[in-house]
Amino acid sequence: MPASDRRSRNRLASVRGMHDLLPGPIALWQHFEAAARDVLDSYGFEEIRTPLLERTELFVRSIGGATDIVEKEMYTFADRDGDSLTLRPEQTASCVRAGIENGFIHLGVHRLWYMGPMFRHERPQRGRFRQFHQLGGEIFGPAGPEADAEIILLTARLWRRLGLFDLRLELNSLGTPDSRRAYRSRLMEYLLDRRADLDEDGRRRVETNPLRVLDSKNPEMRAVIEAAPRLIDSLDSESRDHFDALRAMLDEAGEPWTLNPRLVRGLDYYTKTVFEWTTERLGAQNAVCGGGRYDGLVAEIGGTPTPGVGFSAGIERLVALLVESGTDAAREPPAAWVAAVGTDAVRPAPAVAEALRDLGVSAVLDAGEGGFRAKLRRADRSGAEFAVIVGDAEAAAGEVSIKPLRSDGPQSTVARARLREALTGWLPQAAPGEDSPQADETCSMPPDHA
RNA sequence: GUGGGCGUAGCUCAGUCGGUAGAGCACCGGAUUGUGGCUCCGGAGGUCGCGGGUUCAAUCCCCGUCGCUCACCCCA
């Protein structure tokens with residue numbers, strides 16, 4: 001795009017809070033994604049992909065009509081048929097819907113994972129975007145705390161795998177919906193008695209979301225908050241046993257955690273276990289992963305009652321931590337750089353590049369302007385191991401010149417038919433045979449000759 | 001959604017107490033009629049985020065707006 005166009009007044013920019021992921025930074029994402037797939041695979045999870053758009057009703061019923069997400073953050077609009085659709089703000093609800101719709105959710109145990117963009121209309125900030133990406137996993141079927149433990153230990157393993165060692169696991173239990181409702185009214189009563197001690201924000205939220213009052217960061221509220229009844233102390237016995245068993249499992253597995261009695265989370269579907277992984281390194285957006293149990297969700301959406309537990313992790317935030325940690329995920333440079341200059345030399349150049357790829361050698365054909373000087377400079381900067389040079393002289397003789405770029409070895413000129421011999425030492429170990437030149441087009445690994 | 005800070009070349013930034021701008025890196029070319037890395041020389045690239053106001057004159061001051069950012073809020 002010419003500079004004059006990019007400068008022009010009516011040029012288009014991306015939507016606020018929605019960003020392009022460019023080739024450089026994307027290397028770290030791919031690093032993250034590969035680690036995630038690997039870990040999820042080792043826990044027997046299978047991938048699921050669901051549409052970005054769902055009927056609005058799905059999220060209202062699952063996340064809860066009184067939550068911030070549903071009340072003020074969803075991208076909701078009427079499509080041409082008049083149906084109310086919403087860009088998904090999270091994916092658990094979609095997974096449940098898909099499980100019910102395809103008739104598998106209540107049959108046995110299912111372990112699913114997903115990864116993709118989510119949408120919430122919040123004010124953008126560091127670590128908070130309107131289109132952001134989550135990695136998530138769900139276990140449908142088991143009601144016991146082993147499944148909760150599996151989810152938590154899986155995420156812990158992923159952090160270790162990524163080299164993130166300073167994340168903190170916070171745990172709480174919300175109990176069953178009944179015990180939670182009972183607690184809520186007890187808490188509201190307590191807070192109303194002390195209305196005078198609350199700050200403005202607190203007074204506003206007593207009625208709307210009393211559990212949130214406990215989460216206030218205002219130091220003047222500390223005394224009121226600490227004296228408040230705790231949800232964890234008013235659990236029903238079933239939830240209490242579940243929570244105790246989970247704690248014992250995490251201890252047995254050697255996974256450290258801390259109790260956060262004020263952890264409530266912003267989605268209404270959680271029951272019993274809730275957890276969050278937090279970091280000190282990202283400022284206000286400190287939650288990097290969250291999740292919990294949602295035993296009532298499947299029934300709420302109209303399926304056969306089926307328990308479930310899950311997690312979801314914010315990829316932007318985790319990648320930001322990787323950047324901070326100095327994680328190196330630079331893309332592998334190509335092995336060969338094909339530099340052809342001259343009208344007769346350009347004609348065979350694509351065929352020469354193909355011959356290299358047939359041998360399993362990754363190759364970039366320099367299709368840019370300029371002479372040998374320019375093309376070799378690009379070859380050097382690309383990081384390629386060697387340049388394959390085709391000039392008019394080589395083209396006329398059916399030859400190519402091979403010039404090492406990372407050593408002081410001499411340049412050699414060989415017949416195109418003898419490329420394989422000339423490249424001994426640069427070929428990948430499992431090079432495809434001559435009789436199956438296009439053995440594996442999906443294999444883009446550069447030759448390993450470190 | 002609320003409040004504060006900041007928007008100068010592709011990137012990181014300097015600068016103009018109001019007189020229309022510079023550096024480093026990156027890019028392109030030359031020194032080397034077909035050979036990179038080091039060095040030297042040169043070039044291209046900015047309506048100083050956008051719109052309005054004040055002024056003889058605004059990139060600079062004022063207002064608005066958009067974007068980023070920090071905190072609140074919320075959460076991944």
Side-chain angles (χ1 to χ4, degrees), chain A residues 1-4 6-11 13-19 22 24 63 67-73 89-92 115-136 155 199-201 204-205 209 212 215-218 263-267 276-279 282-291 311-321 337 339-342 344-345 366 368-384 386-395 401-408 411 413:
Chain A
M1 184 193 301
S4 58
R6 307 185 55 233
R7 243 187 280 128
S8 77
R9 243 161 235 136
N10 58 6
R11 81 193 232 198
S14 71
V15 172
R16 167 130 115 132
M18 306 197 181
H19 301 297
L22 302 174
I63 298 170
T67 58
D68 279 8
I69 294 178
V70 170
E71 273 186 340
K72 44 196 190 197
E73 294 174 4
E90 60 109 40
Q91 207 171 335
T92 298
M115 184 153 51
M118 310 294 160
F119 304 84
R120 294 184 199 173
H121 191 102
E122 296 185 89
R123 179 139 163 188
Q125 209 176 304
R126 179 174 158 83
R128 186 166 82 183
F129 310 99
R130 290 185 172 179
Q131 175 177 324
F132 63 103
H133 297 76
Q134 286 187 332
L135 167 75
T155 53
D199 60 11
E200 190 187 333
D201 222 37
R204 180 174 56 78
R205 282 190 291 193
N209 200 345
R212 279 274 165 222
D215 221 6
S216 171
K217 288 169 189 165
N218 187 345
L263 179 62
V264 292
R265 304 196 47 75
L267 299 89
E276 242 174 48
W277 286 96
T278 61
T279 173
L282 292 181
Q285 313 308 319
N286 65 342
V288 121
C289 175
F311 75 93
S312 71
I315 302 181
E316 280 84 355
R317 293 180 186 179
L318 286 164
V319 168
L321 288 180
W337 190 270
V341 177
D344 290 336
D366 189 331
E369 301 293 310
F372 283 103
R373 183 185 158 74
K375 295 202 173 190
L376 280 172
R377 188 177 339 141
R378 276 179 226 131
D380 181 56
R381 293 188 184 172
S382 77
F386 57 92
V388 174
I389 297 169
V390 191
D392 286 338
E394 284 92 345
S401 294
I402 297 167
K403 180 187 178 71
L405 295 171
R406 307 298 148 202
S407 70
D408 290 327
Q411 175 172 328
T413 299

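All values reported here derive from a predicted model rather than from experimental measurement. In the text below, chain A, chain B and the rest are named by the order of the sequence lines, each starting its count at 1. Computed over heavy atoms, backbone and side chain alike; hydrogens, waters and symmetry mates excluded.
- Each of A:I69 and A:L405 was assigned the nucleotide of RNA chain B with the nearest heavy atom; the assignment lying further toward the 5' end belongs to A:L405.
- At a cut-off of 3.5 angstrom, the base of B:A76 holds at least one donor-acceptor pair with the side chain of A:E122.
- When every heavy atom of A:F132 is checked against every heavy atom of A:F119, the shortest pair comes out as CE2-N, 4.2 Å.
- Side-chain N/O atoms of A:D380 and base N/O atoms of B:G36 include a donor-acceptor pair closer than 3.5 Å.
- Between the base of B:G1 and the side chain of A:R128 there is a donor-acceptor pair shorter than 3.5 Å.
- Considering only residues two or more places apart in sequence or on other chains, A:D344 meets the side-chain hydrogen bond (donor to acceptor under 3.5 Å, both in side chains) condition with A:R347.
- Contacts of A:L267 with the nucleic acid, taken as non-hydrogen atoms under 4.0 Å apart, involve only primed sugar atoms and P, OP1 or OP2.
- Rounding to the nearest 0.5 Å places NZ of A:K403 at 6.5 Å from CG of A:L376.
- Under the Watson-Crick and G-U wobble criteria, each requiring two contacts below 3.5 Å, nucleotide B:C25 is paired to B:G10.
- Counting non-hydrogen atoms under 4.0 angstrom, A:V288 reaches the backbone sugars and phosphates but no base.
- Nucleotides B:G10 and B:C63 have their P atoms positioned 29 Å apart, rounded to a whole Å.
- Here the separation of B:C66 from B:U54, taken at their P atoms, is 23 Å to the nearest Å.
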Just the table, please: protein N/O against nucleotides 26-30 of chain B N/O, every pair under 3.5 Å.
residue	atom	partner	partner atom	Å
B:C27	OP1	A:R381	NH1	2.8
B:C27	OP2	A:R381	NH1	2.1
B:C28	OP1	A:R378	NE	3.4
B:G30	N7	A:R373	NH2	3.3
B:G30	O6	A:R373	NH2	3.3

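- Looking at heavy-atom distances under 4.0 Å, A:G283 makes contact with sugar-phosphate atoms alone, never a base.
- For the pair A:L263 CG and B:C74 P, the computed distance is 13 Å after rounding to whole Å.
- Checked for salt-bridge contact, A:E122 and A:R130 miss the test: no charged N lies under 4.0 Å from a carboxylate O.
- No option in A:T155, A:I315, A:L318 other than A:I315 meets the side chain to side chain contact (heavy atoms under 4.5 Å, CB included) test with A:L135.
- Looking at heavy-atom distances under 4.0 Å, A:G368 makes no contact with the nucleic acid at all.
- At the heavy-atom level, A:E71 lies nowhere under 4.0 Å from the strands shown.
- Regarding A:Q411, its CD atom lies at a distance of 10 Å from the P atom of B:U35, rounded to whole Å.
- Considering every non-hydrogen atom in both A:P89 and A:I69, the closest pair reads CB-CG2, 3.8 Å.
- Spacing of P atoms, B:G29 relative to B:G37, comes out at 12 Å, to the nearest Å.
- Across the protein-nucleic acid pair, A:R130 atom CZ and B:G67 atom C1' stand 11 Å apart, rounded to whole Å.
- Rounded to whole Å, the P atom of B:C72 lies 46 Å from the corresponding atom of B:C38.
- At a threshold of 4.5 Å between non-hydrogen side-chain atoms, the residues A:S312 and A:Q134 count as touching.
- Look at A:D68 and A:R120 and you find no salt bridge, because none of the NZ, NE, NH1 or NH2 atoms lies under 4.0 Å from a carboxylate O.
- Partners of A:F129 under the ring-ring contact (aromatic ring centres under 6.0 Å, His included) rule, at least two apart in sequence or in another chain, are A:H19.
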Practice prompt. Evaluate the side chain to side chain donor-acceptor pair (under 3.5 Å) criterion for residues A:Q285 and A:R126: first the C-alpha distance (whole Å), next the side-chain angles of each, then the deciding distance (0.1 Å), finally the verdict.
Written response: CA-CA 7 Å; A:Q285 313 308 319; A:R126 179 174 158 83; over 6 Å; no
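- Across all strands shown, A:R16 has heavy atoms under 4.0 Å from sugar-phosphate atoms exclusively, and none from any base.
- Separating the C1' atom of B:G45 from that of B:G24 is a span of 15 Å, rounded to the nearest Å.
- Pair assignment for B:C50: B:G64, on the basis of Watson-Crick or G-U wobble contacts that are both within less than 3.5 Å.
- If you take CD of A:Q131 and C1' of B:A76, they are 14 Å apart, rounded to a whole angstrom.
- For A:D392 and B:U33, the CG to P distance is 16 Å, given to the nearest whole Å.
- At the heavy-atom level, A:H19 lies under 4.0 Å from the strands shown only through sugar-phosphate atoms.
- Annotation: B:A9 and B:U55 have their C1' atoms spaced 29 Å apart (nearest Å).
- When the nearest nucleotides of RNA chain B are assigned to A:R406 and A:T67 by heavy-atom distance, the more 5′-ward of the two goes with A:R406.
- Closest approach to the A:R123 side chain among B:U2, B:U35, B:A76 is made by B:U2 (side chain taken as heavy atoms from C-beta onward).
- Residue side chain A:E73 does not reach the base of B:G1 through any donor-acceptor N/O pair under 3.5 Å, judged by distance alone.
- In this structure, A:F119 atom CZ and B:C74 atom P are separated by 24 Å, rounded to whole Å.
- Distance A:R126 CZ to B:G5 C1': 16 Å, rounded to the nearest Å.
- Base pairing of B:C74: no nucleotide in any strand meets the Watson-Crick or G-U wobble criterion (both distances under 3.5 Å).
- Between the C1' atoms of B:C13 and B:G18, the separation comes to 23 Å (whole Å).
- Across every strand in view, B:C56 sits in a pair with B:G19 that passes the Watson-Crick or G-U test at under 3.5 angstrom.
- Here the C1' atom of nucleotide B:G67 and the CZ atom of A:F129 are 13 Å apart, to the nearest Å.
- A distance of about 16 Å separates the P atoms of B:C62 and B:G19, rounded to the whole Å.
- Shown here, B:U35 forms no base pair; nothing in the strands shown gives a Watson-Crick or G-U wobble contact with both key distances under 3.5 Å.
- Between the side chain of A:Q125 and the base of B:C72, a donor-acceptor pair under 3.5 Å is found.
- In this structure, A:A284 reaches the bases: a heavy-atom distance under 4.0 Å links it to at least one base atom across the strands shown.
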